[in-house]
There are 2 protein chains.
Amino acid sequence: MTPRTRTRRRTEALSRERIVEEAVELLDADGEGGLTFRALSERLATGPGAIYWHVTNKDELLAAATDALVTVALTVGPPAAGESPEDRIRAVALGLYDAIDHHPWLGAQLSAQISRSPSGTVTPRIFESLGQPIRALGVPESSWFTATSALMYYVLGAARQNAANARTFGPDVDRARFLDAASSDWEALDPDEYPFTRAVADQLRDHDDREQFLAGVALILAGVGQARRA
Amino acid sequence: MTPRTRTRRRTEALSRERIVEEAVELLDADGEGGLTFRALSERLATGPGAIYWHVTNKDELLAAATDALVTVALTVGPPAAGESPEDRIRAVALGLYDAIDHHPWLGAQLSAQISRSPSGTVTPRIFESLGQPIRALGVPESSWFTATSALMYYVLGAARQNAANARTFGPDVDRARFLDAASSDWEALDPDEYPFTRAVADQLRDHDDREQFLAGVALILAGVGQARRA
DNA sequence: ACCTGAACACCGTTCAAGT
DNA sequence: ACCTGAACACCGTTCAAGT
């Protein structure tokens with residue numbers, strides 16, 4: 001991987017920012033396993049030990065990379081003038097979806113940060129971004145937490161699964177072939193045991209991932225809307 | 001970990017079943033990182049190389065362990081007499097939730113298997129278990145795939161996040177303290193930036209995980225119900 | 001056919017030593 | 001203050017050699 005000779009002369013001194021930046025590139029290129037202190041130090045034209053002066057350990061490095069990307073992902077601008085709460089939720093959800101889609105390792109890291117430090121820098125930002133429009137929807141206060149949690153779990157879970165799926169085949173082209181093969185396998189399942197799966201086999205073949213993701217968001221929003229009228 | 005001297009004399013020969021069984025114990029005790037061919041071979045009173053005669057590699061071993069647990073998790077019995085589709089979905093969802101709760105490493109493995117082999121042994125079983133009751137709900141056929149996918153992604157995503165959360169504190173006791181601290185942190189957030197998160201801080205403190213999970217399922221079911229009437 | 005255990009090519013992390 | 005790079009204690013996996 002990364003065939004280009006990239007021993008970029010070290011003009012500037014090592015810095016936390018440079019390290020994080022290079023770590024993200026490594027992660028994007030080769031996934032979680034691709035981030036190695038040896039590979040990283042080579043890119044930075046230094047020794048593995050040097051990194052430890054700027055960063056406590058690998059976990060902290062991953063947390064820093066995650067933090068940087070969440071900031072970008074949630075920068076969907078302030079609520080626009082004519083923007084409905086539903087629009088807002090879709091925009092935030094898609095911001096996270098796309099970030100995880102482009103950086104597949106990010107899903108696992110977000111999940112880890114949410115459980116490890118629910119009051120850290122990442123969790124409240126995501127929660128707030130989804131929660132404000134949920135509140136604006138006019139849901140009774142008693143279900144704010146429930147609705148926002150469910151939405152956040154769906155968004156992150158679905159995005160993560162989608163990114164993992166996308167990684168199974170190449171960047172783009174083989175997707176159609178992969179889905180076609182899977183769809184055919186579904187059609188060949190035992191009719192007695194798998195009637196439903198067989199019946200939706202061609203919906204698997206033809207579906208669009210992003211659309212599917214948004215349809216899930218819409219389902220939850222419809223459910224939330226029901227709670228509002230109750 | 002595992003302090004008890006457990007060099008259980010090897011009475012029976014090594015077998016794939018014994019290996020998988022012992023692997024699950026290791027995974028449950030110490031998580032994904034706890035499964036090591038060296039630790040495993042010690043428990044089995046053999047050398048690390050021996051395992052490779054029965055199992056291709058670590059991935060295959062994890063897949064086998066996952067398969068075994070999914071079989072158990074989905075054994076919620078055949079649709080009972082007076083059971084509504086909603087009841088059925090809740091039962092299947094809880095079966096998966098509990099399995100992942102008891103075996104936190106299972107979430108990641110399920111996700112991996114779903115993307116790696118959508119037509120393998122695991123994905124269709126889960127999909128069918130959730131899809132049949134979705135169909136029974138009377139949803140138009142065109143939205144079967146969408147609804148079932150969204151439900152599956154929510155169930156697995158939320159269960160996985162929950163299991164990760166639960167692992168942050170001890171088996172049971174410290175949960176209250178942990179949530180209390182997190183809730184207090186939320187209350188101390190900047191009122192201008194985090195009004196929503198602050199407002200739900202005590203809902204975080206008092207919530208029940210399983211209940212919350214089911215509330216999310218209910219939200220999706222309500223959304224699906226809307227589609228039915230449309 | 002089944003198992004052994006040393007060996008290989010990796011990891012993250014530490015730390016004395018340098019500048 | 002910041003960096004170097006050898007060393008430590010691990011990994012998964014392979015493979016000649018044994019029974």
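Each chain gets a letter, A, B and so on, in the order its sequence line appears, and its residues count up from 1.
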Suppose we screen for side chain to side chain contact (heavy atoms under 4.5 Å, CB included). Which residues come up paired with [X], at least two apart in sequence or across chains?
X      : value
B/A39  : B/L26, B/T36
B/T148 : A/F196, B/F127, B/L130, B/I134
A/A50  : A/L14, A/T46
A/E60  : A/R16, A/V55, A/T56, A/N57

| task | Write down the atom of B/A201, the atom of B/S183, and the distance for their closest heavy-atom approach. | result |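 That closest heavy-atom pairing would be O-OG, 2.7 Å.
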| query | B/Y52: what forms a ring pair (Phe, Tyr, Trp, His ring centres under 6.0 Å) with it, not counting sequence neighbours? | reply | B/F37
| field | For A/H54, ring pair (Phe, Tyr, Trp, His ring centres under 6.0 Å) partners two or more places apart | value | none
Under 3.5 Å, which N/O atoms of the protein pair with N/O atoms of nucleotides 8-12 of chain C?
{"unit_1": "C/dG12", "atom_1": "OP1", "unit_2": "A/L35", "atom_2": "O", "d": "3.3"}
{"unit_1": "C/dG12", "atom_1": "OP1", "unit_2": "A/K58", "atom_2": "NZ", "d": "2.9"}
{"unit_1": "C/dG12", "atom_1": "OP2", "unit_2": "A/F37", "atom_2": "N", "d": "3.2"}
{"unit_1": "C/dG12", "atom_1": "N7", "unit_2": "A/R38", "atom_2": "NH2", "d": "2.3"}
{"unit_1": "C/dG12", "atom_1": "O6", "unit_2": "A/R38", "atom_2": "NH2", "d": "2.8"}

Measure from [atom1] on [X] to [atom2] on [N] and round the result to the nearest Å.
X     : N      : atom1 : atom2 : answer
A/W53 : C/dT14 : CH2   : C1'   : 17 Å
A/L40 : C/dT13 : CG    : P     : 12 Å
A/R18 : D/dC3  : CZ    : P     : 12 Å

| So which pairs with a foot in residues 96-108 of chain A pass side chain to side chain donor-acceptor pair (under 3.5 Å), sequence neighbours left out? |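 Residue pairs with at least one partner in residues 96-108 of chain A: A/D28-A/H103, A/D28-A/W105, A/Y97-A/N162, A/D98-A/R210.
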| said: Using the P atom as the point on both nucleotides, what is the distance between C/dA17 and D/dC2, in whole Å? | reply: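 Pairwise P distance, D/dC2 against C/dA17, rounds to 22 Å.
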| Stem segments of DNA chain D by first residue number [Watson-Crick or G-U, under 3.5 Å, at least 3] | C:4-8 with D:12-16, C:12-16 with D:4-8
| Which nucleotide, C/dT13, C/dC3, C/dG5, lies nearest any side-chain atom of A/P48? | C/dT13
| said: Please confirm whether the shortest side-chain N or O distance from A/H54 to OP1 or OP2 of D/dC3 is below 4.0 Å. | reply: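 A/H54 to D/dC3 OP1/OP2: side-chain N or O found under 4.0 Å.
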